[in-house]
Amino acid sequence: MKLVVIGLGQCGGRIADQFARLNKRARSQRGIEITPGVFAVNTDAADLSGLTAIRSDFRHRILIGGRKTGGHGVGKINEIGAEIAKADSDKVIDAVRSAKRFFEADAFLLVASAGGGTGSGAIPIITQRIKERYGDKPVYDLIILPFEHEESTEERTIYNTALCVKSAGSVADAVILVDNQRYVKKDFSLASNLSRINELIAEPFYDLLCAGEEKKPKYIGAKILDAGDIIQTLTGWTVIGYGKSELPLITLPFTRKSDFRSKSTEIHKGIHAMDEAMSELSLSCNPADADRALYLLSAPAKEMNMDLVKELGDYLRGICPEATIRNGDYPRPRGVLDVTVILSGLGNVEKIREYYSKSVSLIPEFKKREQEIEARLRDLEEIGKDIPTLM
Ligand SMILES: Nc1nc2c(ncn2[C@@H]2O[C@H](COP(=O)(O)OP(=O)(O)OP(=O)(O)O)[C@@H](O)[C@H]2O)c(=O)[nH]1
Ligand SMILES: [Mg+2]
């Protein structure tokens, strides 16, 4: 599957940059292309300069709202991010259209954090504009939810998140939710933590996108997972997970493949990888709420067998009893067995419920603060009304 990736705001831009890196890896390791165009859009010029893999010309790193923000962001007010995106959306559409291989893309993936200003406000607006313009291609939003400490120190973060998620949910074909807090590992420093988190966020997409684009016969699975399967699966609230089991690099001569013990070891490893994928989902949710699910097994061809594929299917069926389940296998040279899982069409997401209910109680507080600020400004004007101006 090929995606046009558009990162909005700082977080979105950096994760899009990570997708550009994945594409370079796919090209050099596998000779295939997974992202025919990667773009970053921001109100902040410095953030755009900090990217490394996205092409550096103005058509790939797109500065919006320049006159309004002076190139310095919107300071976490996502209503302003949305206004700027409305005014400058043509810049994004034109840039995407001019990408040379744009016609090869199967879908769009837009990426942003929900808690900031620019990306949070722009993602629903740009999603809508792209849908109006390219009705035949689905548009998916990958939305990054804030860390817990950000929610507790700044209420605006919760309000931004609720506004962003609700708006994106009403326009995108699917919203893939990623909770930053799930990736916090205490032993990382924050700076390297963010780039490590971004790698972990993008990684599950690698095999998923490569599987259907593979051209070498020996890496083509018995059941290929292609763009059609992914598009049929993605709808509404969605989470993604990834897990792996390390395999020995060489098979010892005395463990014959037909041996029942080695077969059960493979199944054990497969289940272990699936278990890890489910426990490290991008947002914690109840899998029983999924209407659709998908799993991709990647492993050396000789490690995969029908029993393993069936066991993984049974495992998923057990925890997602209502879901339509799609699957595929992707033979890889050697080393690891990994499993990528998508749960989609979730009927309930506890975390979103929390954002909505907390935000409802914040609205009167924000209104009151706004009125207070306006009243103070009126006061100030009143005091200075007799002073002449230079204008
Ligand atoms: N995973 C991840 N989260 C990030 C990254 N950068 C920022 N965030 C999160 O994104 C939120 C802040 O949003 P930003 O993306 O910085 O904001 P923006 O869209 O640039 O908007 P403004 O700067 O307010 O104009 C916070 O919840 C951060 O924790 C990143 O590189 N990776
Ligand atoms: Mg910013």
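Just follow the structure's listing: the first ligand is 1, and inside any ligand the first atom is 1. Index from 1, following the sequence.
If you look at S113 next to ligand 1, the close heavy atoms, those under 4.0 Å, all belong to the side chain.
Inclusion of K76 in the set of residues having an N or O under 3.5 Å from an N or O of ligand 1 is warranted. Considering backbone and side-chain atoms alike, P146 places every N or O at 3.5 Å or more from each N or O of ligand 1. Considering backbone and side-chain atoms together, G119 places an N or O closer than 3.5 Å to an N or O of ligand 1. Annotation: L8 places no N or O atom under 3.5 Å from an N or O atom of ligand 1; distance criterion only. Residue-to-ligand polar distances keep D47 apart from ligand 1: every N/O pair is separated by 3.5 Å or more.
Between E150, Q18, E199, it is E150 that holds the heavy atom closest to atom 28 (C) of ligand 1.
Proximity of N286 to N348: side-chain heavy atoms (C-beta onward) are nowhere separated by under 4.5 Å. Under the 4.5 Å side-chain criterion, counting only non-hydrogen atoms from C-beta, Y219 is not in contact with R30.
No more than 12 heavy atoms of other residues, nucleotides or ligands shown are found within 6.0 angstrom of CZ on R55. Residue K215 qualifies as enclosed at atom NZ: its count of foreign heavy atoms under 6.0 Å is above 12.
There is no side-chain donor-acceptor pair under 3.5 Å between Y242 and D207.
With hydrogens left out, the protein atom closest to atom 32 (N) of ligand 1 is N198 OD1, 2.7 Å, a heavy atom. The protein atom (non-hydrogen) at minimum distance from atom 25 (O) of ligand 1 is T118 OG1, 2.7 Å. Nearest protein neighbour of atom 17 (O) of ligand 1, counting heavy atoms only, is G116 CA, 3.7 Å. When hydrogens are left out, the protein atom nearest atom 16 (O) of ligand 1 is Q10 OE1, 3.4 Å; that is the closest non-hydrogen contact. Counting protein heavy atoms only, atom 5 (C) of ligand 1 is closest to C11 CB, 3.5 Å.
Salt bridge status for E303 with K269: absent, with no side-chain N to carboxylate O gap under 4.0 Å. Using a cut-off of 4.0 Å between Lys/Arg side-chain N and Asp/Glu carboxylate O, E213 and K2 are scored as salt-bridged. Salt bridge annotation for E382-K385: present, with a cationic side-chain nitrogen under 4.0 angstrom from a carboxylate oxygen. By the 4.0 Å N-to-carboxylate-O rule, E79 lies close enough to R156 to be salt-bridged with it. The residues R25 and E203 are annotated as salt-bridged, a charged nitrogen and a carboxylate oxygen being separated by less than 4.0 angstrom. Using a 4.0 Å cut-off between a side-chain N of Lys or Arg and a carboxylate O of Asp or Glu, D379 and R376 do not qualify as a salt bridge.
Distances below 4.0 Å separate heavy atoms of R14 from the following atoms of ligand 1: 5 (C), 6 (N), 30 (C), 31 (O). Atoms of ligand 1 lying under 4.0 Å from at least one heavy atom of V74, given by number and element, are 25 (O). Distances below 4.0 Å separate heavy atoms of F147 from the following atoms of ligand 1: 29 (O). Near N180, the atoms of ligand 1 lying under 4.0 angstrom from a non-hydrogen atom of the residue are 1 (N), 2 (C), 3 (N), 9 (C), 29 (O). Atoms of ligand 1 lying under 4.0 Å from any heavy atom of I197, numbered from 1 in the order shown and given with element: 1 (N).
Remark: atom 23 (O) of ligand 1 lies closer than 4.0 Å to no protein heavy atom.
A distance-only check finds no donor-acceptor pair linking the side chain of S89 to the backbone of A87 [under 3.5 Å].
The shortest separation from a heavy atom of D44 to ligand 1 is not under 4.0 Å, leaving the residue out of contact.
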